[in-house]
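Just so you know, ligand 1 is whichever comes first in the structure, and atom 1 is the first atom listed for that ligand.
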Amino acid sequence: MFNLKDLVRANIWSLKPYSSARDEFSGDEGVFLDANENPFGTLNRYPDSYQKELKQKLSAYKNIPTENIFIGNGSDEIIDLTYRIFCNPEIDKALTFTPTFGMYQVASDINNIELIKLPLDDDFQINVENLKPYLNDEKLKLIFICSPNNPTGNCFIEKDIDFILKNFKGIVIIDEAYIDFSTTESWLKVLNQFPNLIITQTLSKAWALASARVGIAYASTEILQLLNKVKMPYNISKLNQQAAIDALDNESEFKKNIEVILNEKEYLIQKLNQMESVKKIYPSDANFLLVEFDDANKTYQDLVFQKIITRNRHKLVNNAIRITVGTPNENEKLINGLLSISKY
Ligand SMILES: *Cc1c(COP(=O)(O)O)cnc(C)c1O
């Protein structure tokens with residue numbers, strides 16, 4: 001039987017969380033003299049620590065109960081919280097498949113946790129055979145699966161993720177930061193079948209709100225309780241909660257933007273494919289392309305010289321540059337920039 005308590009650090013399981021003034025009285029109406037707030041101004045009150053209105057919007061949109069939704073100060077906060085809740089520093093371990101999103105490593109280093117990195121195969125897929133020996137390690141608490149994966153752009157094969165969900169007894173975190181750009185279905189559909197599953201999404205990419213720092217975790221109510229206990233009391237500012245609510249109210253804008261970005265991605269693929277300096281364009285389920293050039297370092301520098309900034313990923317994938325899909329105008333500048341390089 002799955003027992004969450006066995007996976008949680010003892011100090012976190014027994015933690016008595018901070019009880020804010022708003023935890024002790026949660027009504028909206030009245031004279032509020034309980035939180036040492038300033039009575040004047042417009043941002044004078046502490047924000048809703050549980051982001052109820054925002055969660056209701058997400059709940060309606062995703063068809064997931066609010067009790068299974070956690071909001072973080074970006075997904076980055078959620079990644080850090082999972083280490084702090086489940087991994088004893090210097091004792092427990094986490095695992096991921098590389099190349100992948102760099103925050104899993106940074107958060108593991110901050111928390112003094114070993115991160116095991118299993119290389120993806122030549123198609124950037126998970127090698128399940130390589131993973132098997134690790135699955136029964138009691139010290140292995142977390143597996144991070146980024147799908148669609150950053151920086152490679154692809155989704156992982158469904159049956160491989162399914163195998164991990166069925167055979168790993170620790171916590172599985174599926175990072176779906178780019179899922180709204182993908183034709184692959186979200187793993188949210190199996191959320192209630194796996195008490196050890198955390199799915200993270202974000203408003204930073206497809207919802208165009210990177211500035212607002214709104215990350216989302218979907219998980220069991222038991223995991224939600226732990227996340228709520230450990231997070232900072234008012235982790236999402238009122239301004240950011242409102243920005244998120246406004247974005248979710250404007251679904252047509254969201255859909256229109258995604259359509260433009262996906263069309264532009266196809267256009268970029270077509271143009272890049274005609275360039276001599278381009279060796280390979282990796283398949284992408286996201287809003288970026290990983291492109292192999294004949295000389296990534298030189299191409300990257302030549303683009304910077306023209307004030308076109310891409311992400312040099314040469315150290316992760318040989319001669320690869322990660323290119324985010326921009327506006328039609330920005331993409332045109334990229335194409336012209338690349339064409340002008342090959343001329344000299
Ligand atoms: C961009 C990105 C995120 C988003 O992080 P936020 O903190 O929510 O902005 C999460 N995961 C991956 C893999 C990303 O590339």
* Asked: Between the side chains of Ser186 and Glu176, does any donor sit under 3.5 Å from an acceptor?
  -> yes
* Just by distance, with hydrogens left out, do Asp80 and Asn111 show a side-chain donor and acceptor under 3.5 Å apart? -> yes
* Asked: Distance only, no hydrogens: is a donor on one side chain within 3.5 Å (strictly under) of an acceptor on the other, for Arg322 and Asn150?
  -> yes
* Give the ring-plane orientation class for Tyr178 versus Phe288, where under 30° counts as parallel, over 60° as perpendicular and anything between as tilted. => perpendicular
* To do: Please answer whether the main-chain N or O of Leu95 pairs with a side-chain N or O of Glu114 as donor and acceptor at a distance below 3.5 Å.
  => no
* Consider only side-chain N and O atoms of Ser277 and Asp294, and report whether a donor and an acceptor are under 3.5 Å apart. => no
One pair per line, please: each N/O atom of ligand 1 matched with every protein N/O atom under 3.5 Å away, atom names first, then the distance to 0.1 Å.
unit_1, atom_1, unit_2, atom_2, d
ligand 1, 7 (O), Ser75, N, 2.9
ligand 1, 7 (O), Asp76, N, 3.1
ligand 1, 7 (O), Asp76, OD1, 3.4
ligand 1, 7 (O), Asp76, OD2, 3.4
ligand 1, 7 (O), Arg213, NH2, 2.6
ligand 1, 8 (O), Ser75, N, 2.7
ligand 1, 8 (O), Ser75, OG, 2.8
ligand 1, 8 (O), Thr202, OG1, 2.7
ligand 1, 9 (O), Ser204, OG, 2.6
ligand 1, 9 (O), Arg213, NH1, 2.8
ligand 1, 9 (O), Arg213, NH2, 3.4
ligand 1, 11 (N), Asp175, OD1, 3.3
ligand 1, 11 (N), Asp175, OD2, 2.7
ligand 1, 15 (O), Asn150, ND2, 2.8
ligand 1, 15 (O), Tyr178, OH, 2.6
ligand 1, 15 (O), Lys205, NZ, 3.3

